[in-house]
Each structure stands twice: as structure tokens, then as C-alpha cells.
Amino acid sequence: HNASGKTTVQIMRTQGAADFAYWKGLYSADRAAYKAEKLKLAADWQARLVGRYPELAGKIEFLDITTPVTYERYCGAYKGSYMSFMLTPGTAFKIIKGRIKGLKNCFAAGQWLQPPGGLPGAAATAKFAVQRICKRERIKL
């Protein structure tokens with residue numbers, strides 16, 4: 001929740017190279033069609049949310065869709081990937097705690113510390129680093 005009593009809901013859907021090619025082609029060929037497809041997708045997700053949580057009907061004030069092209073345009077992400085790497089069934093899920101042994105007053109944050117990495121992971125590890133600093137300094141959040 002933020003100060004005005006609103007809540008942000010984020011739905012993340014994994015997309016691959018074929019999805020990037022689709023969105024990139026649409027964006028490059030026809031911006032109006034690209035925007036229309038985003039609106040159509042937003043309406044579909046909104047209907048799914050309301051179908052699952054009927055109490056949301058009429059309460060969703062803003063809905064936006066980010067595509068792989070969004071990540072490419074704003075972040076320079078390779079083929080629109082918001083993740084640094086992809087987990088596979090044989091991959092160990094290891095989270096680095098954000099502290100580097102032997103270094104005092106060093107708190108790490110970044111896209112490589114928490115699978116699957118990327119932008120959401122970087123934001124989360126930055127939040128955790130701030131929380132560690134506040135705890136160490138006895139600052140209540």
C-alpha cells in the first residue's frame with residue numbers, strides 16, 4: 001500500500017524470443033496497432049483479475065502493460081528480457097545475502113544476487129540492503 005491507500009498489483013508473464021519478435025515487429029511496423037494490442041491485453045488481464053477477485057470490479061483505476069519492447073526501450077535490456085538469467089529444473093536456487101565476508105560497511109545489491117535476477121531482483125536486493133543498514137544503525141522503518 002502507498003500513502004493514499006492504493007495497492008499496486010504486478011503480474012509477470014515469462015516471454016521468450018518469439019514473443020520479443022512479435023512485439024518488436026508490431027512496435028516497429030505500427031505504433032497504433034502496438035498500443036491497441038497492449039490495451040486489448042490489459043483488458044484481458046483485468047477481466048481475469050476481476051473473474052478471480054470479483055471484489056475488484058470497478059476498483060481498478062490504472063492498468064498498464066509492459067512488453068519486452070518496453071524493457072528494451074527504457075532499460076536497453078537484450079531482447080527485452082527483465083531477467084538476468086533463466087532458472088531451469090536442474091538449476092540450484094541460491095540467494096546471496098548481500099554481505100561480503102571480510103568487508104565492513106559493505107552491503108551488496110544488484111541483478112546478479114537473486115534468481116532470476118534482472119530489474120525486479122535488483123530492486124528487491126536494494127530494498128534488502130537498505131533494511132540491513134537501518135537494522136545496523138537501529139533506524140526503525
Side-chain angles (χ1 to χ4, degrees), residues 1-101 103-141:
H1 293 286
N2 64 28
S4 63
K6 307 294 180 183
T7 300
T8 300
V9 176
Q10 181 178 10
I11 300 168
M12 298 181 78
R13 180 181 174 271
T14 302
Q15 296 192 47
D19 297 299
F20 174 75
Y22 168 76
W23 287 106
K24 183 69 172 184
L26 190 58
Y27 180 81
S28 299
D30 185 348
R31 300 269 171 91
Y34 172 82
K35 289 179 182 180
E37 188 65 18
K38 283 180 52 167
L39 289 173
K40 180 180 165 191
L41 193 56
D44 179 55
W45 278 106
Q46 184 170 348
R48 289 180 187 203
L49 279 172
V50 170
R52 176 72 170 90
Y53 304 100
E55 63 273 17
L56 293 178
K59 295 180 181 176
I60 299 175
E61 294 181 21
F62 178 78
L63 188 62
D64 192 18
I65 297 291
T66 56
T67 71
V69 175
T70 309
Y71 287 105
E72 180 193 49
R73 288 177 47 231
Y74 288 95
C75 306
Y78 177 72
K79 291 195 175 183
S81 177
Y82 65 89
M83 298 184 299
S84 307
F85 47 92
M86 190 89 157
L87 295 174
T88 62
T91 306
F93 189 87
K94 184 174 182 176
I95 296 175
I96 308 301
K97 295 288 185 185
R99 298 295 309 267
I100 300 171
K101 190 175 182 176
L103 290 178
K104 292 183 180 182
N105 299 319
C106 182
F107 298 87
Q111 69 173 348
W112 298 104
L113 296 180
Q114 181 174 309
L119 302 172
T125 59
K127 173 189 169 189
F128 300 149
V130 169
Q131 288 174 329
R132 288 183 185 100
I133 292 167
C134 289
K135 182 178 179 182
R136 183 179 209 174
E137 299 294 322
R138 294 182 171 86
I139 298 170
K140 293 192 179 205
L141 297 175

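Side chains are part of it too, since the values below use all heavy atoms of this structure and drop only hydrogens, waters and symmetry mates. Quick caveat: nothing in here was measured; it's all calculated off a predicted structure.
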Gap separating the [atom1] atom of [X] from the [atom2] atom of [Y], nearest 0.5 angstrom:
| X | Y | atom1 | atom2 | answer |
| --- | --- | --- | --- | --- |
| K127 | R132 | NZ | CZ | 11.5 Å |
| E55 | L49 | CD | CG | 10.5 Å |
| L39 | D64 | CG | CG | 8.5 Å |
| E72 | T70 | CD | OG1 | 10.0 Å |
| K6 | E61 | NZ | CD | 3.5 Å |
| N105 | R99 | CG | CZ | 8.0 Å |

salt_bridge(R48, D44) N-O dist < 4.0 Å | yes
If you take all heavy atoms of [X] and [Y], which pair is closest and at what distance?
| X | Y | value |
| --- | --- | --- |
| C106 | L103 | CB-CB, 3.9 Å |
| P68 | F20 | CB-CD1, 3.7 Å |
| A108 | A129 | O-CB, 4.1 Å |
| A57 | V50 | CB-CG1, 3.9 Å |

Row check, Y27 ring normal vs R31 NZ/CZ: under 6.0 Å, within 45° = yes
Can you establish whether the number of heavy atoms outside R52 located under 6.0 Å from its atom CZ is more than 12?
-> no
Between T67 and Y34, is a side chain to side chain donor-acceptor pair (under 3.5 Å) present by the stated rule, with each step listed?
-> CA-CA 10 Å; T67 71; Y34 172 82; 2.7 Å; yes
Do the side chains of Q15 and W23 get nearer than 4.5 Å, heavy atoms only?
-> yes
Would you indicate whether the side-chain heavy atoms of V69 and L26 approach each other to under 4.5 Å?
-> no
Would Y74 and T66 count as having a side-chain donor-acceptor pair, cut-off 3.5 Å?
-> no
Contacts of K38 that satisfy side chain to side chain donor-acceptor pair (under 3.5 Å) - sequence neighbours left out = none
side-chain contact (heavy atoms from CB on, under 4.5 Å) partners of A42, counting only residues at least two apart | L63, I65
